[in-house]
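Read through the structure below, which is laid out as structure tokens, and then see the notes.
Every heavy atom of this structure was used, including side-chain atoms; hydrogens, water molecules and symmetry mates were not.
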Amino acid sequence: MERLISTYLISSICANLTPENKYMKLVQAISLTAGFSIGCIITGSIIKQPMLRSLGELTGFGAISLGVIVKLNSANEEKEKHLIAFKQESIFIQTKFEETQNELNKLGKKFQTQDTRQRLHLANIQKLQHQQKVVLATVNSLEQKLDFYEKSQKPEKIQGNFNKNSVLPVTQSQESMTRVYIDGNNLSFAVDGLQIELDYDALRIELSQDASRTNFKYYTGIHSPMNDGQRRFIDYLKYQRYEVIGLPILARPDSKSFKTVGDDVKIAVDIIGEVKKGDDVILVSGDGDFIPVVEEVQRRGVKVTVVAKKSMLSEQLSKIADEVIYLDDLQYKLAKYRKFDVA
């Protein structure tokens with residue numbers, strides 16, 4: 001009964017009230033109800049009216065129940081306010097965190113770009129230094145040849161004063177050569193793995209260090225008919241003083257890719273047929289199929305250097321090579337620019 005009275009009092013008092021005024025009105029209602037209850041109990045006791053006293057008691061229980069309900073509602077409202085404030089604060093913190101994370105990502109990309117640019121600038125400086133070394137070495141070689149030529153001509157001039165018809169035998173020097181054989185397909189996959197655009201002029205300069213004479217051969221598959229892009233690439237290689245050996249291309253039956261036919265065999269045949277004692281061989285490939293030909297020319301007293309990407313280099317080939325150069329260590333010297341993955 002008292003609960004019904006409390007509910008009725010709450011609904012009647014709180015009707016059409018704003019949340020700000022609701023609490024104050026309920027407090028006033030509790031005070032009035034408590035006063036009314038006490039008055040009924042006292043009056044009923046004095047005039048000996050049990051009904052009035054019972055009404056006072058019921059009203060008292062209703063006031064107590066109303067007070068408890070008000071306290072519970074007030075506590076729930078405070079909890080809801082704190083929960084809403086906490087959610088808003090969480091959303092604000094999350095937003096700030098995401099903004100900070102985005103700023104850090106931008107700064108990281110800027111730093112990476114700046115670091116790459118700096119490395120490329122250093123690589124360009126090193127390339128110029130290498131070019132200077134090659135030019136100086138070429139000049140020194142020409143000066144030595146000129147000096148040798150001048151010395152060899154002096155006896156001829158002296159003898160010519162006595163016998164104009166005399167002929168001196170000419171001795172041809174067997175000058176050693178550094179021969180560079182490049183597996184185009186293997187190099188292309190390696191460069192893609194390093195995510196760089198290769199500067200073939202820088203590659204030639206890098207591999208020509210300490211070499212008086214060099215010969216660069218680039219083996220690649222050629223479409224028939226040749227497309228414009230491939231024609232421009234081959235013309236570029238020839239301009240950079242590469243000898244381009246074109247080989248046929250066939251489509252793989254199980255995919256849309258293509259395979260160069262006979263490139264490894266052609267490289268091996270050329271190495272066996274061209275390399276002589278005293279030459280140096282630089283093999284730009286990590287393919288283990290070249291192990292027999294490397295061992296063969298080493299038996300002739302030829303030094304073999306293998307140039308390849310670490311992850312693409314045959315373990316056995318790296319063991320038998322006289323020297324191994326990793327493209328990973330040269331990438332900033334050989335790169336026109338670095339390719340970036342765009343997220």
Side-chain angles (χ1 to χ4, degrees), residues 177-208 214-275 281-297 304-318 321 324-328 330-331 334-339:
M177 176 180 289
T178 298
R179 300 181 182 274
V180 184
Y181 299 89
I182 301 174
D183 182 349
N185 289 334
N186 192 278
L187 178 60
S188 177
F189 282 117
V191 167
D192 288 343
L194 295 173
Q195 293 184 314
I196 62 173
E197 183 71 18
L198 183 63
D199 186 340
Y200 285 89
D201 183 41
L203 176 65
R204 180 178 54 78
I205 292 170
E206 181 67 27
L207 300 183
S208 296
T214 58
N215 177 253
F216 281 74
K217 284 191 170 183
Y218 187 94
Y219 298 78
T220 185
I222 296 179
H223 293 276
S224 179
M226 189 186 306
N227 56 50
D228 292 338
Q230 195 169 48
R231 184 178 293 104
R232 286 194 298 270
F233 176 65
I234 291 175
D235 290 341
Y236 165 73
L237 289 177
K238 291 179 179 179
Y239 177 76
Q240 297 296 342
R241 289 174 285 177
Y242 287 81
E243 181 182 346
V244 180
I245 291 85
L247 299 160
I249 291 179
L250 293 179
R252 297 180 186 271
D254 57 343
S255 66
K256 296 180 181 180
S257 60
F258 295 88
K259 175 178 175 58
T260 302
V261 179
D263 49 349
D264 293 351
V265 175
K266 178 60 176 172
I267 293 173
V269 169
D270 286 353
I271 291 176
I272 295 295
E274 296 171 353
V275 176
V281 169
I282 298 178
L283 176 63
V284 184
S285 177
D287 196 336
D289 292 342
F290 292 109
I291 292 174
V293 69
V294 169
E295 292 175 334
E296 173 59 30
V297 294
V304 178
T305 300
V306 172
V307 180
K309 187 174 182 288
K310 286 182 182 179
S311 61
M312 295 177 60
L313 176 59
S314 163
E315 182 179 357
Q316 185 61 29
L317 181 60
S318 68
V324 175
I325 298 175
Y326 295 114
L327 288 170
D328 312 64
L330 301 177
Q331 57 179 310
L334 306 180
K336 285 183 179 178
Y337 57 85
R338 188 170 182 82
K339 302 174 181 177

Close side-chain approach of [X] to [Y], heavy-atom, < 4.5 Å:
{"X": "Asp199", "Y": "Leu334", "result": "no"}
{"X": "Tyr219", "Y": "Thr260", "result": "no"}
{"X": "Leu330", "Y": "Ile325", "result": "yes"}
{"X": "Lys259", "Y": "Leu250", "result": "no"}
{"X": "Leu203", "Y": "Leu198", "result": "yes"}
{"X": "Lys309", "Y": "Leu194", "result": "yes"}
{"X": "Val180", "Y": "Tyr242", "result": "no"}
{"X": "Val294", "Y": "Leu283", "result": "yes"}

Can you name the side chain to side chain donor-acceptor pair (under 3.5 Å) partners of [X], sequence neighbours left out?
{"X": "Thr178", "value": "none"}
{"X": "Ser224", "value": "none"}
{"X": "Tyr181", "value": "Glu274"}
{"X": "Lys266", "value": "Asp270"}

With rounding to the nearest 0.5 Å, note down the distance linking [atom1] in [X] to [atom2] in [Y].
{"X": "Met226", "Y": "Ile234", "atom1": "CE", "atom2": "CD1", "answer": "4.0 Å"}
{"X": "Leu207", "Y": "Thr305", "atom1": "CG", "atom2": "OG1", "answer": "9.0 Å"}
{"X": "Ser285", "Y": "Asn185", "atom1": "OG", "atom2": "CG", "answer": "9.5 Å"}

Minimum heavy-atom distance between [X] and [Y], given as atom pair plus value:
{"X": "Ile291", "Y": "Ser314", "answer": "CD1-OG, 4.2 Å"}
{"X": "Thr214", "Y": "Ser208", "answer": "CG2-OG, 3.9 Å"}
{"X": "Arg179", "Y": "Val275", "answer": "CD-CG2, 3.9 Å"}
{"X": "Asp263", "Y": "Leu247", "answer": "CA-CD1, 3.2 Å"}
{"X": "Asp328", "Y": "Ala308", "answer": "OD1-O, 4.2 Å"}
{"X": "Phe189", "Y": "Met312", "answer": "CB-CE, 3.8 Å"}

Report the C-alpha separation of Arg204 and Asp201 in whole Å, then their side-chain angles, then the decisive distance to 0.1 Å, and conclude whether the salt bridge (Lys or Arg N to Asp or Glu O under 4.0 Å) test is met.
CA-CA 5 Å; Arg204 180 178 54 78; Asp201 183 41; 2.5 Å; yes
Salt bridge (charged side-chain N to carboxylate O under 4.0 Å, His left out) pairs, two or more places apart, involving residues 219-231:
Asp228-Arg231
Who passes side chain to side chain contact (heavy atoms under 4.5 Å, CB included) against [X], sequence neighbours left out?
{"X": "Asp264", "result": "Asp183, Asp287, Asp289, Phe290"}
{"X": "Glu243", "result": "Asn215, Lys217, Ile245"}
{"X": "Glu296", "result": "Ile272, Arg299, Arg300"}
{"X": "Ser318", "result": "Leu313, Val324"}

Can you tell me if OH on Tyr236 sees more than 12 non-hydrogen neighbours from other groups inside 6.0 Å?
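Enclosed: over 12 neighbouring heavy atoms sit under 6.0 Å from OH of Tyr236.
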Would you please name every residue forming a ring pair (Phe, Tyr, Trp, His ring centres under 6.0 Å) with Tyr326, sequence neighbours left out?
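By the ring pair (Phe, Tyr, Trp, His ring centres under 6.0 Å) rule, Tyr326 matches no residue at all.
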Taking the side chain from Gln230 and the backbone from Asn227, do they hold a donor-acceptor pair closer than 3.5 Å?
no
Ring centre gap for Tyr200 and Tyr239 strictly below 6.0 Å:
no
